[in-house]
Amino acid sequence: MLRARLLPGAAAAILLSGLGVPIAATAAHAAPAWNATTISLAGSSSPTTGYFTPSGAGDATQAEFPGQLDEPDGPAPYSGTITDRSLSHGNGKGASVTGTARAKSDPGFVTGFEGLNLYQQRYARGGNQFTVEPPDQALCVGNGYTVEAVNDVFNVYGSAGGSRLPDNTAANAVSGFPRDVHHAVDLNSFLGYAPAIDRTTGVRAQNVTDPTCIYDAQTQRFYLVVLTLESRPNGSLTLVNHLDLAVSQTADPTRSWSIYKIDVTNDGSSQPTDNPCPCLGDYPHIGADANGIYLTTNAYPWNSNGFNGAQIYALSKAQLAAGAPAVNVVHLDTFGAVNAPSDAGPTQPGFTVWPAHSPGTGSYDTSNGGTEYLLSSNAADEATHPVAGTGGAYVSNQLVVWSLTNTASLGTATPALKLTNKLLGVNTYAIPPKQHQPGSGTAPGVNAPQGHCINDTSTALFNGQTGCWRLLFGGQPAHNEVVSTPDSNDTRMQQVMYANGKLWGALDTALNPGGGGQRAGIAWYAINPSTTKVVVQGYLGAAGHDFTYPAIGVTASGRGVMAFTATGDTVNPSAAYASIDAKLGVGAWGIVPGGDGAAPADGFTSYKAQVGTPPRTRWGDYGAASVDGNSVWIASEYVASGCSYTDWGGPFFAGGTGDNLLGTCGGASHGPGSRTALGNWSTRISQFVP
């Protein structure tokens, strides 16, 4: 068992907001208020590519998606979403807004570069990877290093964007040629697992997803957490899943890391019998105070509908930083912790309870034996209808402010934490509509070559046949694809910081900017958590535009930058930003230098022939911001490069030339490519001084 033993002293209670009535640890239909355990050091690893057999001619499998099986007439479509679940399938009506005043914080751009992209993700480890979208953005910066991870690949950069990891190009052969993935290492290698898929045998290994990370200046360590799903060799999931927490052993992330694992399969199992575990510990995120590292998940039952509440895991930061063989962990279940209407009865569970991280070494709240703050929203069905899994109005004017106190006890033999929460009235927010991009709803043009290919029946191919669709499918699909409307988020809270005595957060919301109809926008907040009062709040939206997946970074002085993706009627998916401070709020928005979208989203989740009807263009599922001294580093998903239909087809089109991998646009030199056949996402990393 990963949880080695129970520790004495587990006698705390969660307080109902506003009532001060303790919920007994053994109350019916409620999980224990908290459970103290230890986890053992699982081993160590480093960002080095593990063993693999290069993929290419003679591969036993052509499967491109986790869970996909090879079919006689070619790969079947992706069968559905594995992680980053959402129960809410509608949207609410948002507020009407105009422009926002320019804030005092006027960030100065320092540098920026393209981060990890789909080409690097797919062709790391000799091509023994699946095609994955969305990326799920992790970013943490410190000690002169910029660490980035996405689904499901990892890199470490210097300040100008060059990788600090060893060059692995020569050994990274795919289809007979070395592939330059900018030294990136797959997360399976980083965590010590076999390849996600061995393409020469078809054997699957662990499915690693949802990376997120922080750099903690106090301990001078990088902390990265992922959700790992155990898989059988044939790709079927065992339903066992765990959080893998990697901790750098020094301030140098290119060297060794300690690995710890927390089994989350049955966390939430004491919830209502309508939604029994085993559960999926979805959407993990990470925060820290002076004493602890805090991981949170959303627990969904594997075998029924509904939601089993956000789970919180508090770990001793000092023990983790030291690479201790055993580390204290306190597990807290948020189900029943908020006094508000729900189909679960008089209470509702926490949903995406995001833990705060603080800049530098002097921004922590040390009162009450050490306090960690967390923030969540409650417009989604997970919060309002966790048993039925549907039925909400998708609108709210409340946030939930959580306080976890006595965190200094995490380093003792008897941790004794107390979790409380308060409802905070805020401006109305609502689940937003999907994003628009140029051409949404119309047939894909040649600037969206995969979509154009699915519809094409006339292009001459290298083998004398006609119809580009034959390059992607064994059986003929319908030729009725359109440019998609990418995902917006579902009002779940996004990255939270505690800086300058305030709690900062933002979420996606429906807005009506300039009276032009409902669009996706951002609601943002600066809160005084000690008084549970809003310091300043507001919206960010613009007519003809959609803003999604915000992430706020704030320096110790209270000046910050908010990252997000911007799309619109005339704007391809772009990496955007705005200033933020506690006096005037959010300032004018803009696209980061070099962050202009070069083409529409053209990923496999955009098309009915790939994912079924209706398609759900996956985007996000979160951005990231990291504070390093006076600098704020931000990262968002965008489309970095365009690719013509001719270059996408390359030698697979009659008379064409280029890469022997379809869709990379890598040219005759065989890369590095700007995309893959099935997608074109990338990430943008930027440094600002606010």
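Just so it is clear, the model here is predicted, and its values are computed rather than measured.
- Tyr145 is linked by a ring pair (Phe, Tyr, Trp, His ring centres under 6.0 Å) to nothing, counting only residues two or more places apart in sequence or in another chain.
- Applying the side-chain hydrogen bond (donor to acceptor under 3.5 Å, both in side chains) test to every pair with at least one member in residues 445-455, sequence neighbours left out, gives these pairs: Gln450-Gln610.
- No side-chain donor-acceptor contact under 3.5 Å links Ser674 and Ser641.
- By the ring pair (Phe, Tyr, Trp, His ring centres under 6.0 Å) test, Tyr215 is found to be paired with Phe222, residues two or more places apart in sequence or in another chain being considered.
- Annotation: salt bridge (charged side-chain N to carboxylate O under 4.0 Å, His left out) contacts of Asp569 (sequence neighbours excluded): Arg519.
- Listed by first then second residue, pairs satisfying salt bridge (charged side-chain N to carboxylate O under 4.0 Å, His left out) with a partner in residues 658-667 read Arg179-Asp659, not counting sequence neighbours.
- For Glu114, there are no salt bridge (charged side-chain N to carboxylate O under 4.0 Å, His left out) partners two or more places apart in sequence or in a different chain.
- Note on residues 121-134: pairs passing salt bridge (charged side-chain N to carboxylate O under 4.0 Å, His left out), not counting sequence neighbours, are Glu64-Arg122, Arg125-Asp186.
- For Gln206 and Glu230, the side-chain atoms include at least one donor-acceptor pair closer than 3.5 Å.
- The aromatic rings of Tyr283 and Tyr622 stand perpendicular to each other, their planes meeting at an angle above 60°, with 30° marking the opposite boundary.
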Exercise answer: donor-acceptor pairs, residues 571-578 side-chain atoms, under 3.5 Å, sequence neighbours excluded:
unit_1: Ser574; atom_1: OG; unit_2: Asn572; atom_2: O; d: 2.7
unit_1: Ser574; atom_1: OG; unit_2: Gly597; atom_2: N; d: 2.7

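- Between the side chains of Thr548 and Asp508, no donor-acceptor pair is found at a separation under 3.5 Å.
- Taking the six-membered ring where the residue is Trp, Trp257 and Phe190 present perpendicular rings, their angle passing 60° and hence far from 30°.
- His182 and Asp180 form no side-chain donor-acceptor contact under 3.5 Å, judged by distance and modelled atom types alone.
- Taking His545 as the reference, Trp589 meet the ring pair (Phe, Tyr, Trp, His ring centres under 6.0 Å) condition, with sequence neighbours excluded.
- Side-chain contact, Asn298 with Thr352: a donor N or O sits under 3.5 Å from an acceptor N or O.
- In this structure, the side chain to side chain contact (heavy atoms under 4.5 Å, CB included) partners of Ala205, at least two apart in sequence or on a different chain, are Asn188, Ala194.
- Pairs of residues two or more places apart, or lying in two chains, that qualify as salt bridge (charged side-chain N to carboxylate O under 4.0 Å, His left out) and include a residue from residues 664-686 are Asp602-Arg675.
- By the ring pair (Phe, Tyr, Trp, His ring centres under 6.0 Å) test, Trp354 pairs with His285, sequence neighbours left out.
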